[in-house]
S.K.: 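I have a structure here, written as structure tokens, and I will follow up with some questions on it.
Lettering of chains follows the sequences in order, A, B, ..., and the numbering in each one begins at 1. The figures that follow rest on heavy atoms only: side chains count, while hydrogens, waters and symmetry mates do not.
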2 protein chains.
Amino acid sequence: MGAMDKKVNEKSKTRPGRVRRTSNLENESRRKILDVASKLFRDKGYAATTLRQIGDAAGMQAGSVYYHFDSKEDMISEILDLGITYVHDEVKRRIEEMGKDASMRSYVETAVEGHLYGLLSHGDFVSANIRNYGQLPLELRERNRPIRQAYVTCWDKLLKRAQDAGDIRSDMDIKVLRLFIIGSLNWTVEWHDAEKGTIDDLASQIKMVLFEGVGTNGKK
Amino acid sequence: MGAMDKKVNEKSKTRPGRVRRTSNLENESRRKILDVASKLFRDKGYAATTLRQIGDAAGMQAGSVYYHFDSKEDMISEILDLGITYVHDEVKRRIEEMGKDASMRSYVETAVEGHLYGLLSHGDFVSANIRNYGQLPLELRERNRPIRQAYVTCWDKLLKRAQDAGDIRSDMDIKVLRLFIIGSLNWTVEWHDAEKGTIDDLASQIKMVLFEGVGTNGKK
DNA sequence: GTCTATAGATAGATAGAC
DNA sequence: GTCTATCTATCTATAGAC
């Protein structure tokens with residue numbers, strides 16, 4: 001094949017013992033391939049990563065990878081989906097654990113923590129998504145879109161409720177705010193160094209800037 | 001060649017009428033190539049963009065591009081440098097125009113405006129840099145590093161002075177703040193739609209969030 | 001389930017005509 | 001300064017042995 005803007009692989013082979021389009025995370029080799037591929041996609045990009053490199057890193061030959069995946073496109077597609085799912089699940093779980101009577105502001109703060117935690121500690125699935133999504137062919141972006149959209153909607157609902165409750169200033173456009181928050185959190189994958197600071201420290205600095213701003217207004 | 005992590009092109013041909021490693025922006029074809037290539041690199045990524053696509057978009061054959069550039073790597077290298085230079089110049093120019101007696105906060109605000117303006121209206125050089133830099137081979141990142149570093153230093157100096165002057169809260173780490181600001185500004189290339197809002201509007205919303213925060217503290 | 005071997009397509013780059 | 005033609009390397013993917 002070669003160039004990635006050519007028409008997409010149409011075939012849909014059925015191989016023994018495989019379930020298609022379901023992430024058999026129990027399968028060890030398959031999981032290993034996803035792990036090393038997401039790291040390579042994150043570090044070098046989808047197009048620059050070869051199946052030989054993926055095979056090498058997974059401890060097998062390039063051809064063997066095709067026992068587990070029908071195509072390179074199917075691999076990135078699954079990685080894109082897993083990335084968003086990790087973050088979304090992390091955010092949902094943390095918010096549900098808070099119960100019903102927390103303040104809207106604290107829900108938003110928890111969502112920030114959850115996003116950051118999912119992003120920076122759940123392997124390379126999330127960052128592979130962030131770094132590659134915008135440059136992938138339309139067909140691949142569209143496959144990932146429903147899962148992305150669900151996550152975006154989760155944030156928009158949360159921010160809207162916080163604004164209605166008076167915890168977010170009313171002259172702020174929610175869509176711009178959501179893009180701003182997720183954007184500034186996502187950018188941390190470009191520079192956060194786990195050796196130099198914990199995720200919790202980073203989260204509290206970002207929450208502070210987000211709600212209080214960096215200005216002093218003559219106070220300090 | 002093919003894979004981009006192979007060793008870098010060593011040759012240094014000299015062709016008539018060419019100045020090497022200097023951006024002859026007067027040269028029309030050369031400029032056209034840089035324009036279309038930066039757009040392709042931005043949209044599809046460096047590795048996924050072929051010289052045939054660049055040639056097509058520039059109205060010439062792939063082979064002809066090599067009259068103007070020695071390699072694909074030299075092209076992206078020049079584009080990376082031009083991208084940072086655009087933004088840095090825009091920021092410097094705006095700050096210099098303000099004169100000496102403005103407040104430190106207003107200098108920072110002007111820097112935000114300049115960065116955003118350079119980013120969103122100066123062609124695709126800046127966004128090609130933002131989207132590709134982190135995934136390029138080390139050798140290419142190192143070539144671009146001095147120019148990046150100069151820009152980063154410019155921000156760090158500015159933020160430090162603003163903090164010393166009492167315009168930025170003292171418990172804020174300047175390096176984290178700089179990464180946060182540039183990160184959230186850079187992320188706008190992923191979503192800002194010039195049709196739906198002016199850069200000035202976007203800049204004022206971001207300045208507001210940055211200095212005042214989105215919280216209400218019971219006020220509104 | 002992984003291997004070897006290879007098919008077929010396409011990449012970056014070069015040579016020489018014009 | 002651009003074209004055509006082409007070299008060589010490498011890519012994704014497949015086939016069949018084990």
S.K.: May I have the distance from A:D56 (atom CG) to D:dC11 (atom P), rounded to whole angstrom?
M.R.: 11 Å
S.K.: Which of these nucleotides, D:dT12, C:dG1, C:dG12, is closest to any side-chain atom of B:T50?
M.R.: C:dG12
S.K.: Would A:R143 and A:D74 count as a salt bridge (Lys or Arg N to Asp or Glu O under 4.0 Å) if you check the C-alpha gap in whole Å, the side-chain angles of each, and the deciding distance to 0.1 Å?
M.R.: CA-CA 10 Å; A:R143 274 209 248 173; A:D74 281 358; 3.3 Å; yes
S.K.: Rounded to whole angstroms, how far apart are CG on A:L51 and C1' on C:dA5?
M.R.: 16 Å
S.K.: Any chance OH of A:Y107 has more than 12 other-residue heavy atoms, nucleotides or ligands included, within less than 6.0 Å?
M.R.: yes
S.K.: Below the 4.0 Å mark, does C:dT2 have OP1 or OP2 next to a side-chain nitrogen or oxygen of A:S29?
M.R.: yes
S.K.: Rounding to a whole Å, what distance do you find between A:Y66:OH and D:dT14:P?
M.R.: 7 Å
S.K.: Between B:D124 and B:S127, is there a donor-acceptor pair closer than 3.5 Å when you use the side chain of the first and the backbone of the second?
M.R.: no
S.K.: Would you kindly give the OH-to-C1' distance between B:Y46 and C:dG12, to the nearest whole Å?
M.R.: 9 Å
S.K.: Between C:dT14 atom C1' and B:D70 atom CG, what is the distance in whole Å?
M.R.: 12 Å
S.K.: Applying side chain to side chain contact (heavy atoms under 4.5 Å, CB included), name anything that partners B:D89, two or more places apart in sequence or on another chain.
M.R.: B:T85, B:K92
S.K.: Starting from C1' on D:dT2, measure out to CZ on B:R30 and report it in whole angstrom.
M.R.: 17 Å
S.K.: Salt bridge check, B:R31 against B:D35: does any charged N sit closer than 4.0 Å to a carboxylate O?
M.R.: yes
S.K.: Do you know which of B:Y46, B:Y133, B:F69 makes side-chain contact (heavy atoms from CB on, under 4.5 Å) with B:I76?
M.R.: B:Y46
S.K.: Looking at A:R30 and A:E78, does any basic side-chain N land under 4.0 Å from a carboxylate oxygen?
M.R.: yes
S.K.: A:Y67 has an atom OH; how far is it from atom C1' of C:dT4, in whole Å?
M.R.: 18 Å
S.K.: Counting heavy atoms from C-beta on, name the nucleotide in C:dA13, C:dT2, D:dT2 closest to the side chain of B:K72.
M.R.: C:dA13
S.K.: Grab the N/O contacts between the protein and nucleotides 4-6 of chain D below 3.5 Å, and write none if there aren't any.
M.R.:
none

S.K.: Starting at NE2 of A:H68 and ending at C1' of D:dA13, how long is that distance when rounded to a whole Å?
M.R.: 16 Å
S.K.: Between C:dA13, D:dT2, C:dC3, spot the one nearest the side chain of B:M60, thanks.
M.R.: D:dT2
